[in-house]
Amino acid sequence: MVRTGNEYLESIRDNRNIYIGGNRVDDVTTHPAFKGITETIANLYDIAADENNNMIYKTEDGTLANKIYMIPKNREDLRDRREAIKTWSDTTYGFVGRSPDHVASFFAGFASSPEVFERGLPKLKDNAANFYKFARDNDLYLSYVIIPPQIDRGKASHEQEEKFLATGVYEEREDGIVIRGSQMLGTGAAVSNYLFVSCITPLRPGDEDYAVSFVVPMDAVGLKLYPRPSYAADKPSIFDYPLSTRFDESDALVVFDDVFIPWEHVFIYKDIDLVRAQFHETPAHKLGNSQAQTRFTSKLKFVIGLAKKITAANGIDKIPAVQEKLGELASLAATAEGLLLASEYECTIDKNGTAVPNPRFLYGAMGLQNELYPKVISIFRELVGGGVLQVPSSFEELVNPETRDDMQRYIRSATVRSEEKVQLFKLAWDVIGSEFGGRHQQYEMFYAGAPFVAKGFSYRNYRYEEAEALAAKCLNGYSIPKDCLV
Ligand SMILES: Cc1cc2nc3c(=O)[nH]c(=O)nc-3n(C[C@H](O)[C@H](O)[C@H](O)COP(=O)(O)OP(=O)(O)OC[C@H]3O[C@@H](n4cnc5c(N)ncnc54)[C@H](O)[C@@H]3O)c2cc1C
C-alpha cells in the first residue's frame, strides 16, 4: 500500500506527548509549529501515491509499496530507488533531512540481512524483518533516535551520574521490556508514526542495559518529546520565510518515562556487538546514507540555482571574478553528486543478493560534508551581499498603497521587478541567515555523527591497500644508485 497525504495526516492525529512553549500539543497537524511540515510530508505521500511519478514498486511478496522501502538487487534498482528519493528531495529542495525515506532505507538494510539478527535471542530474530514488512506495507513514516543524550561524552552510558540518563532497559517482563531514560535527537519524530531507538555510538563493556534496538509508536504511554523552538510558528507568511514555514521538520529530545515495549517490537536485547552489527554488517547504514547524499545533492543544486539567479538579478553574473565563485560552487556540488553516482556505479552485491552502494565513495562524500556545506554557504553569502537585508519586513509593504511605490522604485534590479527581487532575496536569507538556515548548517555537519565520526567512516572504508600498493610500487621502482653504495 502507498498512502495518500490525507491518510498520513489522519495517522498522526493521536495521543502523542509533545511539549513546546510550555504546553502539550493537541494535534500536530494543526499546531503552528508542525502544520507546515505535516502538509509538506502529506504532499510527499501524495506524490508517491501518484502512479505517474514512478515511486511505486512490486515487493518480494508481490505487494505494491513505496520505493523508499525497496531492497535493491542490482545497480538498476539502486538508480531506480535514487530517482524515487530524488523526486521527494527535489520537492523539498533537500531541506527535509529526515523525510520518511531516511529511516525506511535503514529498515530495508536490516530486512535484507536476516543472518545478523539470528545472532541474537532466538525469539527476536525475525522481529526486524517482520516490522520492516509492516512498515513497508502500511507506508509508515519512521524516525529515529540513535545517540545517547549529550551529557558527559567522556563517560560510557553506565558510568554517567545516574543510571538512566541514556535510554536503557529498566525492567524485563514476560511480555516485553520497560524503557527509561532519554535519547537525542528526534528529527521529524514529532510528525512520524514510529520511532526507531538504538545506539550507533560505540558502547563499552558494562553498557549492556543500553544495548537495545526497538521501535515504539509515537503515541506510546510514557513517551515524551521536547522539541527545540519552532522556526515556523512565528513567521508572517510563506512569502517571507519560504523554507522555515514549510520545511521545519523539528528536532526533539526524546524521554522514555517507563515506556513498555512488547517483545515483537524488540530487535536486539542487551547485545553490544549486535547493536553495532545491525548498522554496519547489514547495508542499513549505507542505504540510509545514500538517501542522505541524494537529498544533499538536491540541496546543493538548489543553492547554486539560487546563486545564479541572484547574480543575474544584481547584474554581476558576467564579471569574471563572480563567474569564478559560481564555478567553485559548481565544482563543490559536482563533487558531491559525482561521489553519490560513483557509489552507485561501483556498488557491490552482498551475500544476500542486495546491491550495496560502494562505501569508498559514499563515505568519501559524507566525510567532506562538514566542510563542503559551510563553504557553499559562505560563497553564497559573499555573492548575495547586503541585498538579503535590504528587503521589507514582510510582503505587506509590497501591497500597502502607502509603501508600495517606494518598494517598486528602490527594490528592483535591471532584470527583475520589485516583487521578484524581494522574493528571491527572502528565499536566500532563509538559506543563509534565518534560524532555519543556521540549523541547516548544524544539520549537515552533524546528522551523520560529529565530523570526526563521518571522517572515520571514510578512513575505515577507503581501502588503503590499493593506494598503498601504488605507493609501494613507486618506492620499489628505484633505490640509491648501486655504484654509490659502499
Ligand atoms: C540538526 C540535527 C539533527 C539531528 N537529527 C538526529 C536524528 O534524527 N536522530 C539521531 O539519532 N540523531 C540526530 N542528530 C544527532 C547527531 O547524530 C549528533 O549530534 C551527533 O551524533 C554528534 O553527537 P553530539 O552532538 O553529541 O556531539 P559530540 O559527540 O558531543 O561532539 C561534539 C564535538 O566534540 C568533539 N569531540 C567529541 N568527542 C570526540 C572524540 N572522541 N574525538 C574527537 N573529538 C571529539 C568534536 O569536536 C565534536 O564535533 C542530529 C543532530 C543535529 C545537529
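All values below were derived from every heavy atom in this structure, side-chain atoms included, with hydrogens, water molecules and symmetry-related copies excluded. Whatever order the structure lists them in is the order used to number ligands and atoms, beginning at 1.
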*Asks:* Can a side-chain donor-acceptor contact be found between Y447 and Q442 if the only test is distance below 3.5 angstrom?
*Replies:* no
*Asks:* Checking T87 against N53: is there a side-chain donor and acceptor pair closer than 3.5 Å?
*Replies:* no
*Asks:* P451 versus ligand 1: do any nitrogen or oxygen atoms come within less than 3.5 Å of each other?
*Replies:* no
*Asks:* Select one of side chain, backbone, both or neither to describe which atoms of D251 lie under 4.0 Å from any atom of ligand 1, heavy atoms only.
*Replies:* side chain
*Asks:* Report yes or no: do E115 and N352 form a side-chain donor-acceptor pair below 3.5 Å?
*Replies:* yes
*Asks:* Would you mind finding which of T187, N370, V145, T201 brings a heavy atom closest to atom 3 (C) of ligand 1?
*Replies:* T187
*Asks:* Tell me the nearest of Y144, F452, Y447, F196 to atom 46 (C) of ligand 1, using heavy-atom distances.
*Replies:* F452
*Asks:* For ligand 1, is any non-hydrogen atom under 4.0 Å from M184's backbone (N, CA, C, O), its side chain (CB onward), both, or neither?
*Replies:* both
*Asks:* Has R180 got its NZ or CZ under 6.0 Å from the middle of the six-membered ring of F256, at an angle within 45 degrees of the ring axis?
*Replies:* no
*Asks:* With heavy-atom distances below 4.0 Å as the criterion, list the atoms of ligand 1 near Q150.
*Replies:* 24 (P), 25 (O), 26 (O), 27 (O), 28 (P), 30 (O)
*Asks:* Does an N or O from Y443, backbone or side chain, lie closer than 3.5 Å to an N or O of ligand 1?
*Replies:* no
*Asks:* Would you say N289 and H285 are linked by a side-chain donor-acceptor pair, where the criterion is simply a distance under 3.5 Å?
*Replies:* yes
*Asks:* With distance as the sole criterion, is a donor-acceptor pair present between the side chains of D207 and S157 under 3.5 Å?
*Replies:* no
*Asks:* Counting only heavy atoms on the protein side, is anything nearer than 4.0 Å to atom 34 (O) of ligand 1?
*Replies:* no
